[in-house]
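Below is one structure, written out as structure tokens; the observations come after it.
Letters A, B, ... are given to chains in the order of the sequence lines, protein chains preceding strands, and every chain is numbered from 1.
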Amino acid sequence: TQLLEQSPQFLSIQEGENLTVYCNSSSVFSSLQWYRQEPGEGPVLLVTVVTGGEVKKLKRLTFQFGDARKDSSLHITAAQPGDTGLYLCAGPYNQGGKLIFGQGTELSVKP
Amino acid sequence: NAGVMQNPRHLVRRRGQEARLRCSPMKGHSHVYWYRQLPEEGLKFMVYLQKENIIDESGMPKERFSAEFPKEGPSILRIQQVVRGDSAAYFCASSPTRSEPGQGTGNTIYFGEGSWLTVV
């Protein structure tokens, strides 16, 4: 069974700090996705990484896919209160769009 | 996630009643997925449907839960004789008929805003 482990589970930081969230697996994934979910809302796709070693940037967010395609990281530079939310990594299980999700990282950025 | 429409957004049911959750996929999408998010837990896959077909229901509880995606109309997730443990957020997602470029071997899926079921 493919599993995705996220760490840390909870993260509370001050505005302006940097942080990294990790998503690890013992299985190889063809791609990994990162989502952000706010309370009372559905997950919103941030990025999909496909190639081993790939790095994608989305403003202050940097996403990296491990060379072996078993892990990924999300780095946020100079975090802002608007970054507060639940960050989820997910990977496809077999084909057809079924996703396995990590348990999520609850980020709180205090002003 | 714009375009995947779920209703109702919030639903309260007494134990033993039935809950019906509806999902209209994004325009042009013929693949629908249902996920459940329990408090303090991540999203768990329930079922994957295409029009008039259940493709993968490996995440569906064996009893009381059913799903359909008819030729016309929205996808329906039906929970019969609800119990308090069914209280959760239920998310629908849809994907296009073909893989999107750069998305590897799977389709990119887009989530709706969820339906929150409370069983009292």
Side-chain angles (χ1 to χ4, degrees), chain A residues 1-10 21 23-25 27-54 56 63 65 69-70 72 85-106, chain B residues 1-7 9-10 23 25-26 29-50 53-60 89-116:
Chain A
T1 302
Q2 294 175 296
L3 290 175
L4 286 169
E5 298 283 340
Q6 280 188 244
S7 61
Q9 193 172 351
F10 299 97
V21 177
C23 176
N24 295 299
S25 177
S27 301
V28 175
F29 283 87
S30 59
S31 63
L32 281 178
Q33 300 181 332
W34 285 93
Y35 291 82
R36 179 166 168 263
Q37 185 181 16
E38 295 192 48
E41 303 291 335
V44 176
L45 180 65
L46 296 175
V47 78
T48 300
V49 286
V50 178
T51 306
E54 181 178 9
K56 283 191 174 179
F63 304 86
F65 200 12
R69 291 186 287 129
K70 291 183 177 182
S72 181
L86 179 67
Y87 289 82
L88 297 156
C89 69
Y93 181 76
N94 296 329
Q95 295 185 358
K98 175 182 175 180
L99 292 174
I100 291 179
F101 281 83
Q103 72 271 44
T105 295
E106 190 75 52
Chain B
N1 63 344
V4 179
M5 304 301 294
Q6 289 189 245
N7 70 84
R9 291 296 313 278
H10 298 275
C23 169
M26 286 181 71
H29 288 192
S30 62
H31 301 235
V32 165
Y33 314 84
W34 286 93
Y35 286 77
R36 178 166 64 174
Q37 189 173 39
L38 292 164
E40 308 301 323
E41 292 188 17
L43 283 146
K44 303 293 184 188
F45 168 80
M46 298 182 75
V47 63
Y48 163 35
L49 311 105
Q50 293 181 20
N53 284 306
I54 297 174
I55 306 302
D56 182 347
E57 56 182 349
S58 57
M60 289 280 270
Y90 292 83
F91 291 96
C92 172
S94 71
S95 66
T97 53
R98 296 179 182 178
S99 294
E100 295 190 348
Q103 302 309 321
T105 58
N107 292 324
T108 294
I109 69 174
Y110 300 88
F111 283 85
E113 295 190 325
S115 291
W116 268 257

Practice task
State the CD-NZ distance between A:Gln103 and B:Lys44, to the nearest 0.5 angstrom.
Solution key: 8.5 Å
Exercise for the section: Can you establish whether the number of heavy atoms outside B:Met60 located under 6.0 Å from its atom CE is more than 12? Expected result: yes
Handout entry: Non-hydrogen atoms of B:Arg9 and A:Gly40 that approach each other most closely
Key = NH2-O, 2.9 Å
Problem - Between OH on residue A:Tyr93 and CG on residue B:Asp56, distance to nearest 0.5 Å - result: 8.5 Å
Practice task
Please look at A:Glu106 and chain B and tell me whether the side chain, the backbone, both or neither of the residue comes under 4.5 angstrom of a heavy atom of that chain.
Solution key: neither
Handout entry: Region of B:Gln6 in contact with chain A, defined by heavy-atom distances below 4.5 Å
Key = neither
Problem - Spacing of CD belonging to A:Gln33 relative to CD1 belonging to B:Ile109, to within rounding of 0.5 Å - result: 7.0 Å
Practice task
For residues B:Phe91 and A:Gln37, report the shortest heavy-atom separation together with the two atoms involved.
Solution key: CZ-NE2, 3.2 Å
Fill in the blank from the handout: Between the CG atom in B:Leu43 and the CG atom in A:Leu88, the distance rounded to the nearest 0.5 Å is 6.0 Å
Practice task
Supply the atom-to-atom distance A:Leu99 CG to B:Tyr33 OH, rounded to the nearest 0.5 angstrom.
Solution key: 8.0 Å
Exercise for the section: Give a yes or no on whether the ring-centroid distance for B:Phe45 and A:Phe101 is below 6.0 angstrom. Expected result: no
